[in-house]
Amino acid sequence: MSEDIGTVTIDSRAEGDDAIVTVAGELDPHTAPLLERALDDAASAAKGNVIVDVAGLTFIDSSGLRVVLGARRSLVDQDRHLLLRSPSDTVQRLLDIVGLSDYVEIDR
Amino acid sequence: MTSSASTDAPVTAAEVITLELPAQARHLRLARLTAAGLGADLGFGLEEVEDLRVAVDEACAVIIDGADAATRLVLRYEIEGPALTVIGTCRASAPADVHPVARELLNVTADGWDVSHHDGSRAFRVRKVAIAGVS
């Protein structure tokens with residue numbers, strides 16, 4: 001599945017029991033709801049964990065960070081995990097600033 | 001977009017660029033792009049430009065939250081020496097609510113910021129100073 005609304009592109013696929021959600025571009029209040037839907041759909045479709053590949057993410061603000069935090073919270077409630085894969089230094093720094101890197105598993 | 005800035009002249013005295021756009025989230029990118037371009041012109045480092053993008057985005061998002069389709073967001077970018085101050089205004093009947101995550105990001109990415117509400121308008125001010133330009 002792939003969605004694109006101009007400044008962000010989101011692709012989802014299954015990998016075994018896990019779901020891989022690849023997000024590229026910019027996450028702001030306009031585009032973050034798209035990621036929220038994609039993560040909800042991925043969590044519903046997969047039995048395992050949700051891996052969010054953010055290597056192509058060039059911008060994220062509090063709206064995007066809150067979506068990640070919300071998805072992580074609902075997965076943890078089901079004894080599942082949300083893992084962020086390949087954040088750029090910029091994204092990693094923002095995760096650190098808001099303390100998200102203490103809660104979300106990150107695969108650099 | 002109107003500008004009093006010359007493209008080639010060095011940035012010295014206060015220069016002002018005004019950007020007016022619909023107060024809708026899909027246009028926040030323009031606010032970020034303008035901030036990033038001006039920050040680069042001022043000699044901001046990469047991290048400072050990224051900080052500026054985040055701070056301006058967060059502040060804009062705060063004051064346009066809940067705005068109707070006809071509302072306009074007016075942004076004033078003021079350049080003075082190594083500092084860029086961005087002032088945003090938007091008509092709104094209620095004060096803005098700053099989410100704790102947004103507040104955290106603003107505290108770290110801006111050198112100073114505030115959000116206010118007066119006479120039926122929300123406003124913000126974000127200030128960023130280029131480290132290299134501070135003596």
Side-chain angles (χ1 to χ4, degrees), chain A residues 3-10 23-39 52 54-74 82 84 86-104 106 108, chain B residues 21-37 39-40 44-67 69 71 73 86 88 90 96-111 113 115 122 124 126:
Chain A
E3 290 196 74
D4 186 339
I5 58 169
T7 58
V8 74
T9 303
I10 299 174
V23 53
E26 302 184 338
L27 279 177
D28 64 11
H30 180 51
T31 57
L34 195 65
L35 178 63
E36 187 171 29
R37 283 198 298 276
L39 292 178
V52 187
V54 292
L57 190 62
T58 55
F59 180 84
I60 185 169
D61 68 5
S62 63
S63 61
L65 294 169
R66 282 148 59 188
V67 165
V68 172
L69 200 52
R72 177 257 176 200
R73 192 179 297 125
S74 54
L82 183 141
L84 284 183
S86 306
S88 66
D89 289 345
T90 300
V91 171
Q92 179 67 52
R93 181 166 169 267
L94 294 173
L95 296 172
D96 292 341
I97 287 171
V98 299
L100 205 57
S101 45
D102 294 337
Y103 295 97
V104 176
I106 296 172
R108 297 213 72 190
Chain B
L21 58 165
Q24 294 169 26
R26 70 171 183 271
H27 297 299
L28 289 182
R29 188 163 181 261
L30 296 173
R32 296 196 297 268
L33 277 171
T34 305
F44 283 25
L46 281 178
E47 195 168 279
E48 291 171 307
V49 170
E50 286 305 314
D51 282 353
L52 186 60
R53 292 174 74 205
V54 171
V56 169
D57 171 273
E58 293 292 346
C60 289
V62 164
I63 69 166
I64 69 168
D65 185 39
T71 305
L73 171 65
V86 185
C90 170
D97 181 31
V98 186
H99 189 278
V101 176
R103 185 177 297 276
E104 189 100 19
L105 287 176
L106 281 162
N107 285 342
V108 173
T109 56
D111 292 319
W113 68 276
V115 172
R122 293 174 181 165
F124 76 79
V126 164

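Quick note on labels: first sequence line is chain A, next is B, and so on, each numbered from 1.
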Chemist: Identify which of B:H27, B:E104, B:E58 forms the greatest number of heavy-atom pairs closer than 4.5 Å to chain A.
Modeler: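 Max contact count across the listed options: B:E58.
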
Chemist: CG of B:L46: more than 12 outside heavy atoms within 6.0 angstrom?
Modeler: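 Atom CG in B:L46 is not packed in, count stays at 12 or less.
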
Chemist: Which atoms form the tightest heavy-atom contact between A:T7 and B:R29, and what is the distance?
Modeler: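 That closest heavy-atom pairing would be CG2-CD, 3.1 Å.
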
Chemist: Based on non-hydrogen pairs under 4.5 Å, which of B:D51, B:I64, B:T109 is most in contact with chain A?
Modeler: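 Highest number of heavy-atom pairs under 4.5 Å: B:D51.
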
Chemist: One thing to verify: whether A:R93 and B:E47 come together as a salt bridge, which I'm taking to mean a side-chain N less than 4.0 angstrom from a carboxylate O.
Modeler: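 Yes.
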
Chemist: Enumerate donor-acceptor pairs with a distance under 3.5 Å from any side-chain N or O in residues 95-104 of chain A to protein atoms, sequence neighbours excluded.
Modeler:
residue, atom, partner, partner atom, Å
A:D96, OD1, A:Q92, NE2, 3.0
A:D96, OD1, A:S101, OG, 2.6

Chemist: So, taking the atom named CD in A:E26 and the one named CG in B:L33, what distance separates them when rounded to the nearest 0.5 Å?
Modeler: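 Taking CD in A:E26 and CG in B:L33, the distance rounds to 7.0 Å.
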
Chemist: Check each atom of B:E50 against the heavy atoms of chain A and say whether the ones under 4.5 Å are side chain, backbone, both or neither.
Modeler: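 Contact with chain A: side chain only.
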
Chemist: So if I take each residue of residues 59-67 of chain A and look for any heavy atom under 4.5 Å from a heavy atom in chain B, which residues do I end up with?
Modeler: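 Heavy-atom contacts from residues 59-67 of chain A to chain B are A:F59, A:I60, A:D61, A:S62, A:L65, A:R66.
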
Chemist: Which atom names give the shortest non-hydrogen contact between B:A25 and A:D28, and what distance separates them?
Modeler: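 Looks like O-OD2, 4.2 Å.
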
Chemist: What pairs with B:R122 under side-chain hydrogen bond (donor to acceptor under 3.5 Å, both in side chains), at least two apart in sequence or on another chain?
Modeler: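 None.
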
Chemist: For B:T71, check side chain to side chain contact (heavy atoms under 4.5 Å, CB included) against everything at least two apart and list the hits.
Modeler: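 Expected list: B:A23, B:A67, B:D68, B:C90, B:R91.
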
